[in-house]
Amino acid sequence: MNPSARMEVIPSEEQPECGRCGKEGILSARVPHHLVNAREETVMGTSIVVLCPRCDIRQPEAGALIAWFVVNAKITSDNLTSAAELVHAWASFASVPPLNEAALEAEVEAWRGGNL
């Protein structure tokens, strides 16, 4: 993630679904990112990233936060400072995966054909 960009953790009582494996994640965050369109214009936006105990465990920054959640279960006023430090470390590596243009085009065609 761009160090100057701000990640926004999305508070929720429900566990988010991981878009990579389809299983339950731990928390989700909105991450700023940009794309360059066909006219070579930069388009700013945000995307949701999910901290997943299966997909992210091998990333050191994510693994530490996953372990923290195993021990603490949820963020409270008593553990906010330690959670914030680990979320900040996770935010330093979390990023929006590159756009899969073939998958996007297939989804657009499915939508146009009424199959979505």
Side-chain angles (χ1 to χ4, degrees):
M1 189 173 87
N2 177 339
S4 64
R6 282 186 67 138
M7 172 187 273
E8 174 191 351
V9 174
I10 302 169
S12 177
E13 291 296 319
E14 297 179 19
Q15 304 298 97
E17 180 180 308
C18 175
R20 294 165 287 172
C21 69
K23 306 273 187 194
E24 194 173 87
I26 296 173
L27 65 86
S28 59
R30 199 169 279 109
V31 178
H33 71 98
H34 69 278
L35 298 171
V36 177
N37 67 17
R39 293 180 286 205
E40 299 297 317
E41 300 167 330
T42 299
V43 179
M44 300 304 293
T46 60
S47 190
I48 304 296
V49 294
V50 173
L51 176 66
C52 176
R54 285 157 297 283
C55 299
D56 296 323
I57 193 64
R58 289 192 173 98
Q59 293 289 335
E61 300 85 356
L65 185 54
I66 292 165
W68 186 92
F69 273 104
V70 168
V71 172
N72 294 280
K74 66 181 191 175
I75 299 172
T76 66
S77 58
D78 292 334
N79 62 27
L80 180 60
T81 301
S82 63
E85 291 170 2
L86 292 169
V87 169
H88 180 74
W90 174 56
S92 71
F93 104 90
S95 64
V96 177
L99 177 64
N100 180 333
E101 292 188 38
L104 175 61
E105 186 60 34
E107 192 168 315
V108 168
E109 289 303 314
W111 176 77
R112 286 182 179 148
N115 299 317
L116 192 63

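Note that this is a predicted model, so its numbers are computed, not measured. Each residue takes its place number in the sequence, starting with 1.
Within a 6.0 Å radius of CD in E14, other residues, nucleotides and ligands contribute 12 heavy atoms or fewer.
Considering only heavy atoms from C-beta on, L86 stays 4.5 Å or farther from F69 through its side chain. For the pair W90/I66, no side-chain contact is recorded, criterion being any heavy-atom separation below 4.5 Å from C-beta on. Looking at S28 and S12, their side chains never come closer than 4.5 Å, going by heavy atoms from C-beta outward.
Screening residues 44-57 for salt bridge (charged side-chain N to carboxylate O under 4.0 Å, His left out), with sequence neighbours left out, gives R20-D56. Judged as a salt bridge (charged side-chain N to carboxylate O under 4.0 Å, His left out), the pairs with a partner in residues 102-116 (not counting sequence neighbours) are, in order, E109-R112. A salt bridge (charged side-chain N to carboxylate O under 4.0 Å, His left out) check over residues 28-38, counting only residues at least two apart or in different chains, returns the pairs E8-R30.
Separating the CD atom in E101 from the CG atom in L35 is a distance of 9.0 Å, to the nearest 0.5 Å.
Residue V49 is grouped with residue I57 when hydrophobic side chains (ILVMFWY) are merged at heavy-atom distances under 4.5 angstrom, including chains of intermediate members. Using a 4.5 Å cut-off between side-chain heavy atoms of Ile, Leu, Val, Met, Phe, Trp and Tyr, with links allowed through other members, I10 and V31 fall into different hydrophobic clusters. If you chain together hydrophobic residues whose side chains sit under 4.5 Å apart, I26 and L65 fall into the same group. Under the 4.5 Å side-chain heavy-atom criterion for grouping Ile, Leu, Val, Met, Phe, Trp and Tyr, V87 is not connected to I48 through any hydrophobic cluster.
Here the side chain of Q15 pairs no donor or acceptor atom with the backbone of E24 at under 3.5 angstrom. A donor-acceptor distance shorter than 3.5 angstrom exists from the side chain of N37 to the backbone of R39, with no hydrogens or angles considered.
For T76 against N79, the heavy-atom pair with the smallest separation is N-OD1, 2.7 Å. Residues I75 and A83 approach most closely at CG1-CB, 3.8 Å, considering heavy atoms. Closest approach of C18 and C21 over heavy atoms only: SG-N, 3.6 Å.
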